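Everything below concerns the one structure shown next.
For ligands, and for the atoms within them, numbers begin at 1 and follow the listed sequence. Keep in mind that this is a model prediction, so the values were computed, not measured.
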Amino acid sequence: MTYTLTTPLYYVNDRAHLGSTYTTIACDSIARFHRLRGELVTFITGCDEHGLKIQRSAEAAGLTPQAHCDAISGAYRDLWRRWGISHDRFIRTTDPLHRAIVEQFFARVEAAGDVIEAHQRGWYCVACEEFKEESHQEGNHQCPIHLRPLEWRDEPNLFFRLSRYQSQIERLVASDGFIAPRSRRREIENFVAGGLRDFSISRLDLPWGIPVPGHGGHTFYVWFDALLGYLSALLRPGDPPDLDLLAARGWPAQLHVIGKDILRFHAVYWPAMLLSAGLPLPERVFGHGFLTREGQKMGKSLGNVLDPEVLLERCGADAVRWYLLRDIPFGDDGDFQQQRFMDLVNNDLANTIGNLLNRTSSMARRWFEGAVPPAGPAAADHPLALHCHSCGEEVDRALERLDFRAAAAAILQLAEAANGFLNDRAPWKAIKVEAERGAVAADLYAVLETCRWVALLLAPLLPDLSARMLAQLDQPTLPGSAAAGQDPAPAESAWTAARHWGKLASGQPLPEPTPVMHRLELDSPL
Ligand code: MSP
């Protein structure tokens, strides 16, 4: 079984912000989840490097467009490396292989009779790289998202005959599971019901784009080119640029994760383009919400943008991932609040999870010769054993539906149950009674084993904390990062094999405990 998923290909007009980091972290967790289950995963990310917006950013920076793109896409790559993102592919739309794919794709679309010449008149937002059909009211030629003036365009363009795909797209968007979450379906259904209109796929006199073969002076509209990046990304080094190879390389994708603002491109334009080229459609498009900060839209003019570099430096990947995945319902808008961020990280990760492991392992070392204590006779139907198994099932179900919040909540409840158990049993008192020694051993075993489960189940969400916890229990690390090559998956993954109660071996030495999660103390705004 193979699983292909993508982030959007990020514009290189500027460096990454928290919005793109959010999408990328979410995709990273999904990719890790599927790899942990033993599936072959191709996790695609990359940069969208053509178009007027990029051309103007380069001019403003005093660089050639290529030099500008090299610098910003290099910064993206470097940032994802430091965040520990496990992508398998990083596609740049300025890659020559991509250009060849675009040309081939266009040839198919043209041969299908889906390209016509027509006149484009309308108001264009360069920041969105989109015509704004809705804002035709007299005197209000401003982008509702960017609040910047729209630009008038009046030129001959090539158009894609989207209107021919009306009924197919209607059926597609109405089908269960294609657009997720369900709440986003209505908006697209309404748009389609309004009647699909052909859309312009070329620009005249825009040098920073891929030239349209056979149509001198035209370059491809940046969105036509960018969406095809999902296809080029699948080709391996040395592969010829051949659309027919894609089926063997993981197309169609199982999942495109995007922000809600670009749902229409992915749920309407993109499938129609694929139908025209005779290629299969992606299974699902998930449109997540937008992040705000302390209730306000993040923006440069407000000076409240959260810089992922600063967040990583000051807080670390585990803390930020936990907050974003545990607190924001995936699909809804979310608000970044510094106090809540600190509270959740400190309560959940440092106290409930980190301290649990730390104090239990200290007690075990002190009273049981530095090793995992004997498990005792009735270990398998221990209440914590049952809880671990049900939590594992809950995490699987939650991550299958991309409900990170429910997965995190289930893991946290498990750790809370183990804390409650420890407090009820009070082994620090019981150990003073010699006859209780066996019971104390069994109790500590159960809690340590639960900690191992917590670490395992955290692996897709917080791979670093998970690895530190497993190391603290002297357990093997889990394979979870990007697949080196695509070897056939083993019959049972290491993750699945580890998810059995009792895998922690009694008598196994326990390493010296060190805190697995430091408290977050932020004395100034991020
Ligand atoms: N280049 C296009 C995508 C082409 S995909 C073939 C693009 N790039 S983008 O860099 O502008 O946006 C990337 C993603 O970031 C979008 O999905 C957008 O919704 C998301 N976000 C931008 N600001 C955001 C927030 N404040 N919060 C969450 N996501 C946000 O669009």
Side-chain angles (χ1 to χ4, degrees), residues 5-27 44-54 57 69 72-73 75-76 79-80 89-95 98 101-102 105 125-130 143 145-146 184 201 208-210 220-234 253 255-271 273-274 282 285-302 304-308 311 320 323-325 328-336:
L5 82 161
T6 69
T7 71
L9 306 183
Y10 302 113
Y11 282 133
V12 291
N13 57 313
D14 208 345
R15 291 181 320 138
H17 52 70
L18 192 63
S20 36
T21 310
Y22 177 50
T23 324
T24 310
I25 286 174
C27 286
I44 294 171
T45 189
C47 286
D48 181 356
E49 305 193 356
H50 288 127
L52 188 56
K53 171 153 87 168
I54 311 297
S57 310
C69 292
I72 304 279
S73 71
Y76 264 98
L79 185 69
W80 298 155
R89 304 291 158 77
F90 188 100
I91 180 73
R92 297 182 56 188
T93 58
T94 48
D95 188 323
H98 173 70
I101 283 290
V102 173
F105 190 95
C125 173
V126 177
C128 293
E129 291 283 18
E130 189 179 11
C143 170
I145 297 171
H146 294 95
R184 300 226 177 275
I201 57 164
W208 191 239
I210 297 177
F220 282 108
Y221 169 43
V222 60
W223 269 100
F224 187 84
D225 149 10
L227 289 160
L228 296 173
Y230 296 141
L231 304 181
S232 332
L234 282 168
L255 177 67
H256 292 306
V257 179
I258 51 164
K260 61 182 179 180
D261 55 328
I262 55 174
L263 189 53
R264 193 185 290 179
F265 288 100
H266 285 78
V268 178
Y269 296 2
W270 177 224
M273 286 164 58
L274 288 164
V285 178
F286 190 101
H288 67 67
F290 263 42
L291 297 179
T292 52
R293 180 172 184 184
E294 316 287 348
Q296 279 191 308
K297 184 179 184 293
M298 270 186 264
K300 288 221 174 99
S301 47
L302 287 168
N304 67 347
V305 180
L306 274 168
D307 183 343
L311 272 175
V320 180
Y323 180 66
L324 296 175
L325 299 174
I328 300 168
F330 197 51
D332 293 356
D333 290 343
D335 190 37
F336 192 98

- Task: Look at the aromatic rings of Phe286 and Phe330 and report parallel, tilted or perpendicular, splitting at 30° and 60°.
- Result: parallel

shortest atom 26 (N) of ligand 1-to-protein heavy-atom contact is with Leu291 O, 3.3 Å

Point to revise | Protein heavy atom under 4.0 Å of atom 20 (C) of ligand 1 | key: no

for atom 12 (O) of ligand 1, nearest protein heavy atom and its distance come out as Tyr10 CD2, 4.4 Å

Exercise. Strictly under 4.0 Å, does any heavy atom of Glu129 approach an atom of ligand 1?
Worked result: no

closest protein heavy atom to atom 18 (C) of ligand 1 is Asp261 OD1, 3.3 Å

Does Arg92 pair with Glu49 as a salt bridge, N-O distance under 4.0 Å? yes

(Q) Tell me whether Tyr230 contacts the main-chain N or O of Thr6 through its side chain, where contact means a donor paired with an acceptor under 3.5 Å. (A) no

The protein heavy atom nearest to atom 3 (C) of ligand 1 is Leu9 O, 3.3 Å

Would Trp223 count as a contact of ligand 1 if the rule is a heavy atom under 4.0 Å away?
yes

Of all protein heavy atoms, the one nearest atom 8 (N) of ligand 1 is Tyr11 CD1, 3.3 Å

Residue, atom and distance of the protein heavy atom nearest atom 17 (O) of ligand 1 read Gly259 N, 2.7 Å

the protein heavy atom lying closest to atom 22 (C) of ligand 1 turns out to be His17 CE1, 3.5 Å

In this structure, atom 29 (N) of ligand 1 is nearest to the protein heavy atom His288 CE1, 3.4 Å

Worksheet entry | Aromatic centroids of Tyr76 and Phe90 separated by under 6.0 Å | no

